[in-house]
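When reading the values below, keep in mind they use all heavy atoms of this one structure, side chains included, and skip hydrogens, waters and symmetry mates.
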Amino acid sequence: MAKVEATVEELVCMIERGELRLPEMQRRYVWRSTRVRDLLDSLYRGYPSGAILLWETDEKEVPLQDMAVKQSDNPYASTRLLLDGQQRLTSLAAVIRGKLVTVGGRKRPIELLFNLEHPDELSVVTEVYEGGSDDENGDEGIEDEADSTEDELQERFNRMTFVVATKKLARLPHWVNVSEVFKEDNDALFLKQAGVETLEDPNYKRYADRLARLRAIRKYSYRMDVLERSLSYDEVTEIFVRVNSLGAKLRSSDLALAQITAKWRNSLKDFQTFQQDCNRTGFALDLGSVHLRSLVAFATGQSRFLTVGGLSLDALQVGWKESRRGMEFALNFMRSNAKIESPALLASPFILITVAYYGHKRDYSLSPDESEQLRRWVLLVNAKGRYSRGSSETILDQDLAILREGKGTNELTERLRQQVGNLQVTPQELEGRNQRSALFKTMFLAFRAAGAKDWRSNLAIAINHKGTQHKLQFHHIFPKAVLKGIYSVREADDIANLCFISGKTNQQIKDKSPQTYFPDLIKKVGTEPFMAQCIPTDTNLLDPEAYKAFLVERRKQIAIRLNEFLQDAH
């Protein structure tokens with residue numbers, strides 16, 4: 001194995017020329033913008049950033065996939081395949097050239113800002129902006145309301161060297177667009193923007209040095225380990241799996257994808273096409289952890305990826321064909337029967353695999369009673385978070401085994417009862433829960449079924465409203481600012497303090513106490529919108545001093561509503 005070095009600029013040029021390609025075995029580009037921000041920060045400081053693993057080959061039939069940034073056709077006889085370093089190099093190519101990247105089927109820019117006034121010392125700062133997710137698809141659902149004041153956010157930004165761009169920060173004089181700095185070697189524009197007009201300005205040298213240091217990232221040198229040409233594609237796949245297994249760099253689903261595509265050449269496009277079809281129906285699901293796991297479940301009757309290496313090509317192809325049919329049934333069942341139209345409302349996407357397998361074992365011919373029992377099971381499992389407790393793979397395999405043996409929802413429900421005990425929701429079960437609880441998603445479903453509407457627009461609550469002012473958010477009935485200094489953050493985030501309203505309504509309420517904003521709303525819309533979300537309107541419970549009593553009362557009402565929603569489901 002040869003060891004050579006190449007600068008970031010050289011590697012970016014190799015990508016642009018098409019000299020560096022992506023083999024089918026690789027996972028797709030998934031980095032969130034904050035990960036790119038942190039990579040730039042590390043390179044800016046000269047920190048180690050790992051090695052790049054390549055395979056240079058003359059093979060003509062090596063299956064490839066498109067990189068997330070645009071490339072030219074390869075003009076060379078041989079091809080260099082990128083086995084490790086894709087996320088880093090794709091990010092750098094996008095930022096340095098200011099190009100769009102394809103993430104989850106959508107093209108978007110990676111827009112970062114550089115702080116000319118950054119502190120000299122390294123500041124470890126909690127992420128204050130999420131540009132996406134490290135999954136292949138973002139999870140669109142119920143948004144959080146802002147947790148920090150503008151002053152607190154600005155103070156955190158000022159301690160950072162790089163941030164994900166916002167319109168407000170981009171207008172400030174000492175924040176400059178990173179891609180623009182890489183495109184332009186003349187500092188004049190950026191210095192003028194920062195208010196530096198002359199060489200005598202005390203900030204001239206400091207800012208110019210920092211801009212030069214930023215551009216020097218292009219000269220950062222990566223070590224490249226290059227595998228021998230004599231290796232076969234199967235051998236390289238094995239190396240790829242071993243390297244990433246030992247380094248724990250990739251998920252088990254990513255390694256399974258490498259093994260599957262090595263055995264079944266050019267299958268990735270088929271997987272991605274089906275994934276995009278599901279995306280268009282509202283179910284943006286991870287290719288590896290959902291679709292490939294479903295393939296394995298249909299091929300073997302269990303969900304673990306350990307057996308993938310031993311599956312024949314025929315078994316993979318038959319498993320995928322049946323898995324697609326099963327997933328189509330599951331998604332239709334979720335939308336039409338369970339009224340769950342997005343994975344954002346699922347405690348775990350593993351529920352889909354079980355439903356898909358259930359339909360498959362019954363040849364997609366269900367009686368009205370079987371269909372209703374399956375619907376009840378879905379809602380119960382979702383509320384209780386079955387696949388979020390303990391080892392989710394083990395639990396999924398238990399349910400698949402029940403169905404493999406020809407049993408049905410009665411046995412599935414009994415297994416759930418053994419796991420969680422009481423299938424009723426109790427007020428005590430709600431205590432201490434927050435928006436990450438499975439019950440939070442069921443709360444939304446129950447409130448929506450009860451006719452809950454936004455307090456301002458009177459639109460029925462939904463997770464797919466268009467427009468920022470109508471986009472659904474979860475609102476702290478007692479805003480955090482009102483509770484600050486009296487109750488802990490955990491107490492403020494209690495599930496019984498959360499409800500669902502639009503972003504515009506949330507913005508208008510802002511940091512007002514319910515004893516202040518409730519009376520005007522009740523005068524305008526009555527108490528029915530509050531009752532639909534189990535919110536007590538007794539004035540004695542709306543004072544911050546009565547917050548804990550408010551939580552106790554609302555938990556009782558929520559538990560009653562949830563059990564009504566789930567009635568007949570046990």
Side-chain angles (χ1 to χ4, degrees), residues 139-148 342 344-347 382-385 388 425-456 459-463 465 470-484 486-518 521 527 529-538 541-542 544 546-563 565:
D139 183 22
E140 295 184 6
I142 305 165
E143 296 183 343
D144 191 357
E145 61 180 356
D147 289 340
S148 306
S342 166
L345 296 174
L346 288 174
N382 199 41
K384 293 293 184 175
S388 305
V425 178
T426 65
Q428 292 73 28
E429 190 176 352
L430 293 165
E431 190 171 353
R433 301 292 186 97
N434 57 29
Q435 74 274 11
R436 289 181 290 277
S437 167
L439 286 167
F440 180 69
K441 300 172 190 294
T442 302
M443 247 174 61
F444 170 81
L445 294 172
F447 293 167
R448 185 181 64 181
K453 297 178 180 178
D454 178 63
W455 302 336
R456 175 179 166 274
L459 286 172
I461 62 172
I463 64 171
H465 282 322
H470 300 303
K471 186 84 173 174
L472 194 69
Q473 293 185 347
F474 64 82
H475 163 65
H476 289 75
I477 300 167
F478 283 79
K480 289 185 177 182
V482 171
L483 301 177
K484 192 173 182 179
I486 308 174
Y487 303 97
S488 67
V489 173
R490 180 171 180 173
E491 289 173 320
D493 282 335
D494 193 283
I495 197 172
N497 190 32
L498 304 178
C499 66
F500 306 97
I501 57 177
S502 72
K504 183 68 174 180
T505 306
N506 201 4
Q507 188 180 41
Q508 289 184 340
I509 293 171
K510 212 167 183 180
D511 293 337
K512 297 173 186 174
S513 170
Q515 63 185 166
T516 301
Y517 71 86
F518 267 34
L521 282 171
T527 59
F530 295 92
M531 294 170 60
Q533 299 201 48
C534 302
I535 301 172
T537 55
D538 184 342
L541 296 175
L542 303 183
Y547 177 62
K548 288 195 174 181
F550 172 89
L551 295 181
V552 170
E553 178 57 31
R554 189 165 186 243
R555 285 189 199 113
K556 292 178 183 176
Q557 294 188 28
I558 291 173
I560 292 171
R561 176 66 53 77
L562 292 180
N563 287 321
F565 179 69

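Counted by atom type alone, T516 and S513 present zero donor-acceptor pairs between their side chains at under 3.5 Å.
Here the closest heavy-atom approach between residue A462 and residue L472 is recorded as O-CB, 3.5 Å. Nearest heavy atom pair, residue V425 against residue L562, reads CG1-CD1, 3.9 Å. The two residues F550 and A496 come nearest to each other via the heavy atoms CE2-O, 3.6 Å. L439 and R433 make their closest contact through CD1-NH1, 3.6 Å (heavy atoms, listed as atom of the first residue, atom of the second, distance). Closest approach of N382 to A347, counting heavy atoms only: OD1-N, 2.6 Å. Closest approach of G432 to D494, counting heavy atoms only: N-OD2, 3.3 Å.
One N or O on the side chain of R561 and one on the backbone of A532 form a donor-acceptor pair closer than 3.5 Å. Without hydrogens or angle criteria, N497 side chain to D493 main chain gives no donor-acceptor distance under 3.5 Å. Using modelled atom types, no side-chain atom of H476 and backbone atom of A481 make a donor-acceptor pair closer than 3.5 Å. Between the K441 side chain and the A344 main chain, a donor and an acceptor come within less than 3.5 Å of each other.
You'll find the side chain of I477 stays beyond 4.5 Å of the side chain of Y547, heavy atoms only. For the pair Q533 and R554, the minimum side-chain heavy-atom distance is below 4.5 Å. Taking 4.5 Å as the limit, some side-chain heavy atom of R555 sits within range of a side-chain heavy atom of L551. Between S502 and L459, the closest side-chain pair of non-hydrogen atoms is not below 4.5 Å. At least one side-chain heavy atom of I509 sits under 4.5 Å from a side-chain heavy atom of I501. At a threshold of 4.5 Å between non-hydrogen side-chain atoms, the residues Q473 and Q507 do not count as touching.
Taking R456 as the reference, nothing meets the salt bridge (charged side-chain N to carboxylate O under 4.0 Å, His left out) condition, with sequence neighbours excluded. By the side-chain contact (heavy atoms from CB on, under 4.5 Å) test, P529 is found to be paired with W455, V525, residues two or more places apart in sequence or in another chain being considered. Evaluation of the salt bridge (charged side-chain N to carboxylate O under 4.0 Å, His left out) rule for K548 yields E491 as partners, not counting sequence neighbours.
Classification of the F440-F500 ring pair by plane angle, with boundaries at 30° and 60°, yields tilted. Between F518 and F530, the angle of the ring planes lies from 30° to 60°, which puts this pair in the tilted group.
A distance of 10.0 Å separates CG in L498 from CD1 in I535, rounded to the nearest 0.5 Å. To the nearest 0.5 Å, atoms CZ (R448) and CZ (F565) are separated by 7.5 Å.
Taking the centre of each ring, F478 and Y487 stay at or above the 6.0 Å mark.
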